[in-house]
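Below is one structure; the comments refer to it alone.
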Amino acid sequence: IASWPAADAVIGNPPFVGDKKMRGELGDEYTEALRAAYKGRVPGGADLVCYWFEKARAQIEAGALLRAGLVATNSIRQGANREVLQRVIGSTRIFDAWPDETWVNDGAAVRVSLVSFGHSTQKPQLAAQPVTAIYADLKAVAEGAQSLDLTTAQPLPENAGASFFGFCLAGPFTVEAATARAWLRLPNPNGRTNADVLSPIWNGADISRRPNDRWAVDFGAARDASESALYDSPFAHVLANVKPLRDANKRASRAQRWWLHGETRPGLRKAGDGLSRWIVTSETAKHRYFVWLPQGVAPEHKLVVFPRADDVMFGLLSSRLHNLWAVATGGRLGVGNDPVYSTSKCFLPFPFPAGLTPADTAHQRTEAL
């Protein structure tokens with residue numbers, strides 16, 4: 001790791017590169033070396049800008065720096081990125097921040113956070129307003145007011161196993177509706193219908209507007225290649241369109257199991273087996289609402305899925321209390337600053353009413369009882 005000279009202050013605008021783009025922008029060798037050097041300090045999945053925050057924090061902790069003021073995308077407040085700010089608060093303090101500002105350069109569809117931390121006699125300020133303290137999500141306690149640090153909310157065991165992301169295809173598994181319907185009429189060597197491995201698939205746009213009538217090939221979570229090949233036309237499509245891309249995939253599991261989705265979600269399939277409908281919400285949406293996913297329709301990975309068919313769970317998720325909680329604990333994304341629903345932050349720590357937790361209503365017979 002390159003050394004920084006001792007200084008009173010560091011002010012900078014580190015590069016904005018998302019964690020999923022680091023390999024493409026920086027190369028495999030550099031990305032792996034960087035992550036190895038900061039292992040245990042910067043979590044996997046953190047954006048490139050986070051390494052500057054941790055570097056500055058370590059300099060302050062070592063006595064080689066008094067304070068730092070850095071610019072980041074506003075996603076520094078959420079997910080894996082937030083853990084870096086949590087480390088900052090653990091060893092020093094954030095004394096000034098602007099949590100959500102538009103970026104000044106034309107053409108840059110991004111919102112930013114400006115964060116100053118370290119040793120300072122300045123009383124804390126958030127967006128130029130005096131506060132008592134600033135949390136890792138860049139929210140604060142106003143002077144003379146009471147507030148909760150929602151970043152300390154922990155997952156509740158009774159909420160486990162009731163929320164999932166939809167299927168991550170990781171390849172061109174989708175086909176036109178007319179093609180899929182034609183395949184449904186074709187015979188197969190195994191005597192089975194192609195309906196076994198074909199279904200409509202919905203994403204966020206399908207629930208916020210109207211279904212686009214897209215279909216996807218889905219060989220499930222564990223069907224092997226020889227068994228999948230007995231579905232002639234769907235397998236031929238995947239062989240011609242997906243396999244060439246998967247052969248070059250750096251993830252060995254995806255290259256070797258090229259006929260299956262990138263994330264097959266066996267837990268979701270098991271939890272939802274036999275249900276007549278599922279509850280879904282768009283991961284990123286201006287307005288937070290929940291809808292029923294009809295039986296036989298597959299959810300894509302930009303949908304958060306609750307494999308439940310009971311009206312009680314639907315009502316609790318749709319309640320004003322849960323919506324306020326989701327906005328307060330979730331992240332924000334893009335130039336539109338739209339709320340993001342994170343299962344780890346919004347669902348798992350949510351305090352459902354006593355007797356109506358996901359564990360209590362897992363039998364899904366609450367209405368009858």
Side-chain angles (χ1 to χ4, degrees), residues 43 45 78-80 82-83 86 135-137 148-168 202-204 207 218 220-222 261 263-285 287-331 339-369:
Q78 62 196 48
R82 185 194 294 172
E83 295 183 31
Q86 201 73 56
Y135 301 140
D137 57 358
L148 292 175
D149 182 0
L150 295 179
T151 66
T152 63
Q154 298 297 312
L156 301 173
E158 55 267 33
N159 294 358
S163 62
F164 302 84
F165 283 109
F167 304 139
C168 175
W202 286 9
N203 59 21
I207 70 170
D218 179 9
H261 292 173
E263 300 295 340
T264 58
R265 310 292 191 222
L268 170 59
R269 295 174 191 271
K270 182 179 179 180
D273 187 33
L275 296 183
S276 61
R277 56 186 183 177
W278 293 351
I279 305 169
V280 297
T281 188
S282 182
E283 180 187 16
T284 304
H287 304 289
R288 179 59 51 205
Y289 57 92
F290 299 81
V291 303
W292 291 111
L293 187 74
Q295 185 178 33
V297 176
E300 204 166 356
H301 72 285
K302 286 298 184 181
L303 291 182
V304 180
V305 187
F306 309 88
R308 303 292 293 262
D310 58 308
D311 292 326
V312 167
M313 177 62 75
F314 188 87
L316 291 171
L317 292 174
S318 301
S319 68
R320 179 65 172 163
L321 182 61
H322 179 254
N323 273 263
L324 289 171
W325 172 273
V327 171
T329 58
V340 176
Y341 192 97
S342 163
T343 58
S344 63
K345 304 297 183 184
C346 301
F347 182 81
L348 292 178
F350 180 68
F352 284 90
L356 293 177
T357 70
D360 294 324
T361 61
H363 50 68
Q364 306 205 55
R365 293 182 290 107
T366 308
E367 288 81 10
L369 293 175

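In this text, all values refer to a predicted model and were calculated from it rather than measured experimentally.
Judged as a salt bridge (charged side-chain N to carboxylate O under 4.0 Å, His left out), and not counting sequence neighbours, Asp137 has no contacts. In terms of the salt bridge (charged side-chain N to carboxylate O under 4.0 Å, His left out) criterion, Arg288 has no residue partners (sequence neighbours excluded). Residues forming a side chain to side chain contact (heavy atoms under 4.5 Å, CB included) with Ser344 (at least two apart in sequence, or on another chain): Ser342. Considering only residues two or more places apart in sequence or on other chains, Arg308 meets the salt bridge (charged side-chain N to carboxylate O under 4.0 Å, His left out) condition with Asp310.
Between Lys302 and Thr284 there is no side-chain heavy-atom pair separated by less than 4.5 Å. Taking 4.5 Å as the limit, every side-chain heavy atom of Gln295 sits out of range of all side-chain heavy atoms of Leu275. A 4.5 Å side-chain heavy-atom check between Trp278 and Leu268 finds at least one atom pair inside the cut-off. Looking at heavy atoms from C-beta onward, Thr281 lies out of side-chain contact with Tyr289 at the 4.5 angstrom threshold. You'll find the side chain of Pro294 reaches within 4.5 Å of the side chain of Trp202, heavy atoms only. Side-chain contact between Phe167 and Arg269: present, with at least one pair of heavy atoms (C-beta onward) separated by less than 4.5 Å. Looking only at side-chain heavy atoms (C-beta outward), Lys345 and Arg82 come within less than 4.5 Å of each other.
Closest of all the heavy-atom pairs between Ala136 and Gln86 is CB-OE1, 3.3 Å. Taking each heavy atom of Glu300 and Asn203 in turn, the nearest pair found is OE1-CB, 3.8 Å. Across all non-hydrogen atoms, the minimal contact from Leu293 to Val280 is CB-CG1, 4.0 Å. Heavy-atom minimum distance, Leu303 versus Ser282: CD2-CA, 3.9 Å. Annotation for Ser319 and Asn323: closest pair O-ND2, 2.9 Å, computed over non-hydrogen atoms. Nearest heavy atom pair, residue Ala309 against residue Ser276, reads CB-OG, 4.2 Å.
Evaluation of the salt bridge (Lys or Arg N to Asp or Glu O under 4.0 Å) test over residues 270-279, restricted to residues two or more places apart or in two chains, returns Arg277-Asp311. For residues 159-168, no pair satisfies side chain to side chain donor-acceptor pair (under 3.5 Å), with sequence neighbours left out.
When each of Phe352, Trp325, Tyr341 is checked for a ring pair (Phe, Tyr, Trp, His ring centres under 6.0 Å) with Phe347, only Phe352 meets the rule.
Note that CZ of Phe350 is 8.0 Å distant from CG of Leu317, once rounded to the nearest 0.5 Å. Atom CE in Met313 sits 8.0 Å away from atom OG1 in Thr357 (nearest 0.5 Å). With values rounded to the nearest 0.5 angstrom, Phe314 atom CZ is found 6.5 Å from Ile279 atom CD1.
Side-chain atoms of Gln154 come within 3.5 Å of backbone atoms of Thr152 as a donor-acceptor pair (strictly under, hydrogens ignored).
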